[in-house]
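As the structure is a computational prediction, the values presented were derived from the model and not from experiment. FYI, side chains are in, hydrogens and waters are out, and symmetry mates aren't considered; it's all heavy atoms of this structure.
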Amino acid sequence: MDIVTLSLFLLFAVVLSGIISRVLPSALPRPLVQIALGAVIGGIAQIRVELDPEIFFLLFVPPLLFLDGWRIPKDELFRDAGAVLGLALGLVFLTVLGMGLFIHWMIPAVPYAVAFALAAVVSPTDPIAVSAIAQKAPIPKRMMHILEGESLLNDASGLVCLRFAVAAALTGAFSLTSASLTFLWMAVSGVGLGVAIAWGTINAKNIFARRFGDDSGSNILVSLLIPFAAYLVAEHVESSGVLAAAAAGIAMSFTNVSSGAKAATRIRRQAVWDMLQFTLNGIIFVLLGEQLPQVFAGARDTVMLTGHDSVWWLGLYVIAIVAGLAALRFAWTWVALRLTLFRQRNDPQRTSPPRRVITAMSVAGARGAITLAGALTLPLTLNDGTPFPARDLVIFLACGVILFSLVIASLTLPLLLRGLALPLEDANNELDRTRVAAAKAAIAELERLQHEMAEGRDDADQYVEIASRLMDGYRTRIDTLEGDTDPDEARRMEALERKMRLAAIRAERRVVFDLLNARVIGSETAGKLGRELDLLDTRLSAQV
């Protein structure tokens, strides 16, 4: 009962954080609100959560990486693959090596293996925290796509580096050749297992559904189980579970194109995963805040590990690590963007990325859920039963880096993002072309279906009338998007039409439920009409 009560309490704290972040007049990001609530829970309520590293990692990391891989825009990821890979792999390895040596030099009491483990922990970035921070100043879409792709891959690469560092700390030995071969095996087998499990599961479910039928509940449950299956199978064969979970998510976006899932199932599944993402990220930040009083309370003992007496040294170490991370990220981002997004295209002014773009990309490298998850998964003891060296210090410094990077990003990122744009952002043109192609396909299908259904019938004119009415709507869309109308004016008129249609739909919904409350209609009728209107409302609202 204690575990159940504690779980419910944490869930309530996540809900409360969402309410507080919306009520506060300032643009205080939700992660900081959740950390503050967790600190209140741990400091005032005196609630203590004993975290088992392996269970914590299993419950939180696979579904979050899986969802990142599933939802990341694939075309944008491939288009900016050079920038993404440079930040996600090159920067991570540079961070682990450079910051590991720097941390050991700064704190000689921390062994090399533990210093590299801390560097691996703080290497992954968190785009969820960044997007929450930038809610008052939206991030340019291309920048957000690069950050999402970077986060997906650097989560996996950073956690794999952490695994090698922990193994070196446990065994006291490290071989570069052996580590390289092991990394290659873990990467190839992890990605392969993740893709195979996702592809095999979805196809097996589709074959079963075509023969025996399917339902939304089982479809959604299968999607929830896939990341855990990929992670556990990969870990069982000593591969990379994090890479398997991320690869399974990427594979899901391709297998689901032909999965045959109903529209209602896709909407419900998206709602379930939205809730799960919000909950897991929220709980991680609440747990971070809950751990802080205990971590800070032990700061006096922790600082003794560094050879100093004053706890202010811990703050200086956090600032030094954040400064080192920022310097490495700034330099690497400048190189990566210059060689990819801003490479010369017959325009000498575009050969070097603007300083504000580099600074925004650097500040956007805030640390969050994965950093905390990695720090908390450090083993409690070595193989011989002795305590893991400097574990409390590593957790303290990781928590400090998360807090400091979030505060810096929340203060500076909205200012840097105002009016910021990246090259080749042609999403509106692409969207218009897609809508035109879809409308032409719809007209062709209506013409075919009209002749097929009206053939040999006495009331064929009714089929022609209905099809013509529908096709007129599609032709209007094509004329608006392809005609001589000014694009800005066309989009303004489209926005006005959407606003009016939304108002009309919501008026319909109010009348339906007014009739239900007056008992003029039954709940079944109201529920059916309500769902139809909700789907239309959702579709129109998503276009805003």
Side-chain angles (χ1 to χ4, degrees), residues 53-54 56-58 61-62 65 85 87-105 107 110-125 150-194 230-247 321 324-325 328 367 370-384 386-391 393-395 397-398 401:
E54 293 185 0
F56 180 84
F57 202 80
L58 172 63
V61 173
L65 290 180
L85 290 175
L87 292 170
L89 299 180
L91 181 57
V92 166
F93 295 139
L94 177 64
T95 299
V96 173
L97 179 61
M99 292 305 299
L101 295 172
F102 175 72
I103 291 169
H104 177 75
W105 169 82
I107 314 175
V110 177
Y112 273 112
V114 179
F116 287 126
L118 175 56
V121 161
V122 298
S123 61
T125 56
E150 176 197 3
S151 175
L152 172 64
L153 297 180
N154 71 14
D155 286 348
S157 56
L159 292 174
V160 170
C161 291
L162 172 63
R163 178 170 176 172
F164 285 118
V166 170
L170 294 176
T171 62
F174 178 79
S175 169
L176 181 59
T177 302
S178 176
S180 301
L181 294 175
T182 304
F183 180 83
L184 183 62
W185 154 254
M186 292 174 65
V188 174
S189 61
V191 171
L193 284 172
Y231 178 85
L232 290 173
V233 170
E235 289 295 315
H236 183 71
V237 298
E238 297 185 353
S239 182
S240 173
V242 294
L243 284 174
I321 293 173
L325 291 171
L328 285 176
R367 273 61 183 176
I370 297 298
T371 293
L372 178 62
L376 293 177
T377 55
L378 292 176
L380 300 174
T381 61
L382 298 176
N383 291 337
D384 58 3
T386 58
F388 190 87
R391 184 178 188 273
L393 177 61
V394 169
I395 294 176
L397 295 177
V401 169

Any chance you could measure Leu328, atom CG, to Leu97, atom CG, to the nearest 0.5 Å?
-> 10.0 Å
Could you tell me which non-hydrogen atom of Gly100 sits nearest to which non-hydrogen atom of Ala119, and how far apart they are?
-> N-CB, 3.6 Å
Supply the atom-to-atom distance Leu243 CG to Leu65 CG, rounded to the nearest 0.5 angstrom.
-> 9.0 Å
What's the verdict on side-chain contact (heavy atoms from CB on, under 4.5 Å) for Leu397 and Ile107, showing C-alpha distance, side-chain angles and the deciding distance?
-> CA-CA 12 Å; Leu397 295 177; Ile107 314 175; 4.1 Å; yes
Look up atom CH2 in Trp105 and atom CG in Leu101, then write down how far apart they are to the nearest 0.5 Å.
-> 12.0 Å
Pick from Leu378, Ile321, Val110: which one makes a side chain to side chain contact (heavy atoms under 4.5 Å, CB included) with Leu118?
-> Ile321
Looking only at heavy atoms, which two atoms of Ala398 and Ala375 are closest? And how far apart?
-> CB-CB, 3.8 Å
Which atom pair, heavy atoms only, marks the closest approach of Gly374 to Leu162?
-> O-CD2, 3.7 Å
Residues Val96 and Ala120: closest non-hydrogen pair is CG2-CA, 3.8 Å
Compare every heavy atom of Tyr231 with every heavy atom of Val242, then report the nearest pair and how far apart it is.
-> N-CD1, 4.0 Å
Could you state the interatomic distance from CE (Met186) to CG (Leu181), rounded to the nearest 0.5 Å?
-> 13.0 Å
Stepwise side-chain contact (heavy atoms from CB on, under 4.5 Å) check, Thr371 with Val401 = CA-CA 9 Å; Thr371 293; Val401 169; 5.7 Å; no
Applying side-chain hydrogen bond (donor to acceptor under 3.5 Å, both in side chains) to Ser239 and not counting sequence neighbours gives Ser189
Among side-chain atoms of Asn154 and Thr125, is any donor-acceptor pair under 3.5 angstrom?
-> yes
How far apart are the C-alpha atoms of Cys161 and Phe116, what are their side-chain angles, what is the distance that settles it, and do they pass the side-chain contact (heavy atoms from CB on, under 4.5 Å) test?
-> CA-CA 8 Å; Cys161 291; Phe116 287 126; over 6 Å; no
Of the non-hydrogen atoms in Ser123 and Gly158, which two are nearest, and what is the gap between them?
-> OG-CA, 3.7 Å
Is a salt bridge present between Glu238 and Arg163, judged by a nitrogen-to-oxygen distance below 4.0 Å?
-> no
Taking side-chain contact (heavy atoms from CB on, under 4.5 Å) as the test, write out the residues that go with Val233, two or more places apart.
-> Leu193, Ile197
Sequence neighbours excluded, the answer for side-chain contact (heavy atoms from CB on, under 4.5 Å) partners of Pro111 is Val114, Pro389
Quick check: are there more than 12 heavy atoms from other residues, nucleotides or ligands sitting under 6.0 Å from OH of Tyr112?
-> no
Donor-acceptor under 3.5 Å (Arg367 side chain, Val122 main chain) | yes
